[in-house]
Amino acid sequence: MYKIAKENLPALFQRIAEGQDLILPISNGGQVNYGVWTEDADVDIETLKSVKSPKDAFFPQSENLYTCVREGKKLQITPEELQQKDFVVFGMKACDIQGVEVLDKVFLSEPVDTFYAARRQHGTIVAMACHEPEETCFCKVFGIDAAEPKADVATWLIDGELCWKPLTEKGETLTKAVADLLSDDAAADAKVENEKSAIRAIIDKLPYSDLSLEGWNGDALTEKFNSPVWEELYKPCLACGTCTFVCPTCQCYDIKDYDTGHGVQRYRCWDSCMYSDFTMMAHGNNRNSQMQRFRQRFMHKLVYFPANNDGMYSCVGCGRCVEKCPSALNIVKVIKAFQNQGGENA
Amino acid sequence: MQELIARAKELLANGTVARVLGWKAGDLPYNPEPAYFEKEEDFKDFVYNGFCGANLSKYMIEATKLEGKTLVCLKPCDTYSFNQLIMEHRVDREKAYIIGVGCKGKLDIEKIKKQGIKGIQSISGAEITDDAETLTINTLYGDKTIPYADGMLERCHVCKGKEHKIYDEIIGESKDTKDADRFDEVSRIESMKPEEKFAFFQKELSKCIRCNACRNACPACSCRKCVFDSNKFDSSQKANVDSFEEKMFHIIRAFHVAGRCTDCGECSRVCPQGIPLHLFNRKFIKDIDEFYGEFQAGEDITVKGPLTSFTFEDVEPSVVAERG
Amino acid sequence: MQRIGVFVCHCGSNIAATVDVKKVAEMALMEPGVVHAEDYQYMCSEAGQARIQEAIKEKNLTGIVVCSCSPRMHENTFRKAVERAGLNPYMVEVANIREHCSWIHKDIEEATKKAVILMRAAVAKVNLNTPLKPGESRVTKRALVIGGGIAGIQTALDIADAGYKVDIVEKTPSIGGRMSQVDKTFPTLDCSACILTPKMVEANAHENITIYTYSEVENVSGFVGDFTVDIRKKARSVDMTKCTGCGVCQEKCPSKKTPSEFNRGLNNRSAIYTPFAQAIPNVPVIDREACIKFKTGKCGLCSKVCQAGAIDYDQKDEIITEKYGAIVVATGFDMIKLDKYDEYAYSQSKDVITSLELERIMNAAGPTKGHLERMSDGKPPKEMVFIQCVGSRCSDDRGKSYCSKICCMYTAKHAMLIRDKYPDVNVTVFYIDVRTPGKNFDEFYRRAVEDYGVNYIKGQVGKVIPQSNGKLLVRGVDLIDQKQIVKEADMVVLAAAIEPNPDVRKIATMLTASIDTNNFLTEAHAKLRPVESPTAGIFLSGVCQGPKDIPETVSQAGAAAVKAIGLLAKDKLMTNPCTAHSDELLCNGCSNCANVCPYGAISYEDKEVNDHGKREVRRIAQVNSALCQGCGACTVTCPSGAMDLQGFSNRQILAEVDAICR
Amino acid sequence: MSIEANEEFRPKIVAFCCNWCSYAGADLAGSSRLAYPADVKIIRVPCSCRVNPMFILRAFEKGADGVIMCGCHPGDCHYSTGNYYARRRMTLLFSMLDYIGVENGRTRVEWVSAAEGVKFSTTMNEFVEKIHSLGKNVRLGDLRCRN
């Protein structure tokens, strides 16, 4: 186990950023979001949750696919280059890392999304354990251990020191590159073990930790789909995209063209199943009521996705939607509503 | 709250209303959600406390299309929005039974958490009946207390007053929680140099994730289809690919609600990135007040809005440059 | 995608000398949709037009861009040319490369570059043009005149003489209006009745004119050329077909205590009455408020004495519904109420009167049979004071900000007539300014001062105080001599401001005609369309549009008639196809567009729409294309973009913006 | 910005002109041969009240350095009241642009009658000069349109 004093972190960041991008939580206008490190960035690794999940690092909110330039009646099409530069994402929590696993299932299965794959290949993830979990967290429900994140490097911030443990080859490489800033400390192992137990103890006390996912699987598809509970649940939904845009696992995108005046830039950007024009086609829309769109989001996360991915839910219990929904709706309320409904409807 | 529940049940029972639009207790101490109550037993979950910040006027657009009357709980500031919706024929007054509910300032959980409070287990002092000046918050990491006012939404610090502008009856007392001038921040920005203004808004707007929560929560943004979702202007946008698009969206949105925005503050309340969106709307309100005389949207439904009226002596647009 | 042809005009050397026209044509071929481009000496010539027509046929062109002079010059020429070649005339766009380019730039390269950009903008726009068709609407060959004063009578006569049917609706029991109350007219001093009465008779006798007196407009629907109007003919209680106008009923009527409206309340009339002797129609009405029969059920004397058996107590209001092609508003004016002017003691003393009351006093058929006497004691006055601008040119909200225009002249008239008939009466006039623009007006005023010795004092009166001796103490200032003036007068005459008839608000609302803050009807253009309302098919006659004297009123009445005739002479109206349209799936029904429409062209309808399978009844804006003039104010006020303007659509303008900025 | 760079700078300027007054005023400027820089390109609209704030932002988005709107003088609108609405809209919009830090000289409204060819030309000359002094518009545009 390595460690580094908290006050030496700026030097660590500077070192990592030499020759590669470093993406980490930065406070901007009072909000913490992942962003590219610069010398004057206001890095904040204490705040537990970034507003947006760090999924942008691998699947940005918008990215160009190709550029098309028109000269007279001739068109010149240039595809966007894939990620070539290595980068490090620092500070990701266990839930967000599980979010990336979910994205992997989507984008790395055939046909592989080359843009995503290139980023995954070049990205190194330095995870941080969750020092003080919050009441909106429910990662435990999905079998995620916030105390011991799985990544290229796992870290723990304990009493002004960052304990550092490489877990993979990528992690070892990164560790070597910054080795002179780290010190090896056998005693740190015990500290980390203490921290892990403290974290787990808190997690056991969290209000959502005993949430049961019983009945949420592919087998229950039609009963869940046809349940009258949706009709009640969706009503406060304002049809904004907050839940989908802060979510670490939402992966839907739309492809659009932008007229640059001298051509077209084709890009993709996140879409939200909460939007009325989601999956709009020439004939209209598959889901033309907000109830249907609302249902889609939760059915996808809790039923369709696990049914197609060996039981893996596409919710990781990060609790961002719990915090950010303007109408105080969230996936936990959905799960509970079906629980309360008892066996007969659910 | 008990009086409100009793009255709502009574109106439901005697057939005056077919449903009640209020708030249902959440599963955390601070997340009640807007909800409809149609049966007596539904009321076990009914709640009205300091966290019931949502402006239910917007829900009335759909609710007044339903069979029978809808009882809606409106706070004093929400009634301005309701009036504005009446003016624009978006709600049917005849289908609404308005209970003006008392308000002593609504709470902002984000602001409370920003004060280093996490792992919240329970909160006391947020009940509407409670005259407590402090909030006591029991957390996994110890108990905390903060003054009630320190947990209030920005909009409550510039409260429009405790008067309901439209109602069928009033239940509960309201308090004027104003302790700041709503134009202070706008004036502060106005006095900046252009590059400072630009940097300020660039920084704030760069956080925008285009979730549309501001728009969708806004009672004035009640278009069936927003121009940013339709191809009518070739203006449909789903993401801020370029920083221009953030500006375009927020300026046009503010312009579309200019003269119609009641300054209810929902946009800023719901923004997941804490962007002070009210600064756009208030800029228009401040300009309208200065250029065309004081105007409060939703106050008087017989008065034409400032952008659908004019006087021969209006200031020229050059006033902007002349003001410096 | 359109198949676009671009035609670049040399305009001799006007364009070709500074713009490389060949290059513009060449560049045009690089634009999306352009399949043909050529340049030619004079595109507007017969030969030039023929080239466009040929190209349309040969290349199946669907859109045309002409790069030439200003569209204000030849847009119509090119529209007609393409129409003859079978293309919709609205598929043409003109790029103005002369006035906006070749004529103002010297450098050929620069001018050519700009011409190319202007061409691109036009191409981008025409790509989004759609064929437009002017609408047609029929014209009902009948006009309605609201108001039966001199303005209304004159308009009706002029329209009727042109061969069209006209109906006059008059609120009071007789036509004649304010002019019938006037004794003499300035500056000729001829008798008002003598010149008005023949016109009233002529109107009454005209085969094309129908007069509805004691009637009011109740409801107006429709639009230019096709209005439907409900007229409430109030129950007269006298059968107009039977009444001979003998007047016995009025003589015998025992209820004689109602103040006469015609004589401005200076004397009383009976409950059954005609307002004045020359009334048209000469058929009395029963004032049901005053009539004993209606109040108590007893009496019925008029019925007993009427030999013609014309009295009909059971008569009911009647609604007449008629269609009109044009409506002329001639609702006239009234004097303002003087209740805010206590300082002039109008309500305290019977000897403080308004000028219109003086007209009645001086009229031989008036309450004093034309003798100038004090209304308090019947004594002839020796000292008379006239106060000008009572409520006119007023800076506070007690009165009107405008000049009432007629007061200076009628006061000169009154002063002159009094001095002429009663040389021993001293006449003093307090004025702010004496305004006498008009033919022979200033001469008239000078005669009053110079020949008739009327004492004009520039200054205002602060207070009129009734004295115990029955006299009126007038306190004023003389601004020229800078001194206070105190005068003891026998009578004080107030030149009260005139204001539009208060009913005009209601009428304007029904007609969706706009009115200004003083309740005067707004003209379509202050200078160029002074007798038309911005609402098509509504015309303005007389003081309802602004203060006027009689000759001005008559000439404006004639002008309004001509405009109405011009409309009625058409069988069909071709409407401008560049009108606003609302997309019913996007419309919120919020009414903001209607609030800014100057033509009242937007109405709302509850309509069932099918929004991608969701059926619901929605409040939707409907634009009446016969009324819409295509300004586009509504399009900007519409937040959802539901309201768009044909010919200048959002997407068309944005395409031009994009083309210019790229 | 250096003088050399300024010489290179050819601003893109969009002028919205109402059909009845200002467009005719521009025509008169043309027929009177009153020159103004070729950087100004005119878009004809029926009335100043047709100008949507969206059009103005769109012009900036696509790379305009200045946008000017011309209409009939207040009181002379062909449609009676159009320019009064336009005046309020533009005042508020310009104020907002100023508020977010866009140089207020980049937007302008001028009332130009059909008889004011001279005023049209002078206005355009002044405006182009102003835009020159402000330089390229970098605060309000979409970078994708720049190249």
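Every chain is numbered from 1 and lettered A, B, ... according to where its sequence line falls, protein lines coming before strand lines. Heavy atoms only: backbone and side chains are in, while hydrogens, waters and symmetry mates are out.
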P236(A) and Y36(B), any side-chain heavy atoms less than 4.5 Å apart: no

Sub-4.5 Å side-chain heavy-atom contact between V270(B) and T242(A): no

Side chain, backbone, both or neither of F51(B) within contact of chain A (heavy atoms, under 4.5 Å): neither

Interface moiety of S206(B) toward chain A, non-hydrogen atoms closer than 4.5 Å: side chain

Backbone of C240(A) reached by a side-chain donor or acceptor of N212(B) within 3.5 Å: no

Criterion side-chain hydrogen bond (donor to acceptor under 3.5 Å, both in side chains) against K118(B), the qualifying member of E132(A), E135(A), E134(A): E132(A)

Minimum heavy-atom distance between V322(A) and L28(B), given as atom pair plus value: CG1-CD1, 3.7 Å

Smallest separation among heavy atoms of K238(B) and C269(A), with atom names: CB-SG, 3.7 Å

Salt-bridge contact K324(A)-E110(B) (side-chain N to carboxylate O under 4.0 Å): yes

Heavy-atom check, side chain of I202(A) versus side chain of Y141(B), under 4.5 Å: yes

Structural part of K24(B) lying under 4.5 Å from a heavy atom of chain A: neither

From CA spacing to verdict: side chain to side chain donor-acceptor pair (under 3.5 Å), D242(B), Y258(A): CA-CA 11 Å; D242(B) 185 274; Y258(A) 179 78; over 6 Å; no

pair P207(A)-D27(B): side-chain heavy atoms closer than 4.5 Å: no

Audit row: I209(B), W270(A), side chain to side chain contact (heavy atoms under 4.5 Å, CB included) steps and yes/no: CA-CA 10 Å; I209(B) 56 172; W270(A) 296 351; 6.0 Å; no

Sub-4.5 Å side-chain heavy-atom contact between E33(B) and K235(A): no

Any V241(B) side-chain heavy atom under 4.5 Å of Q61(A) side chain: no

Side chain proximity check, K113(B) to E323(A), heavy atoms < 4.5 angstrom: yes

Heavy-atom pair count under 4.5 Å with chain A, highest-scoring of P34(B), P276(B), A239(B), P272(B): P272(B)

Closest approach of K333(A) to N31(B) (non-hydrogen atoms, all atoms of both residues): NZ-O, 2.9 Å

Chi angles and distances behind the side chain to side chain contact (heavy atoms under 4.5 Å, CB included) call for V51(A), K207(B): CA-CA 10 Å; V51(A) 179; K207(B) 293 184 288 179; over 6 Å; no

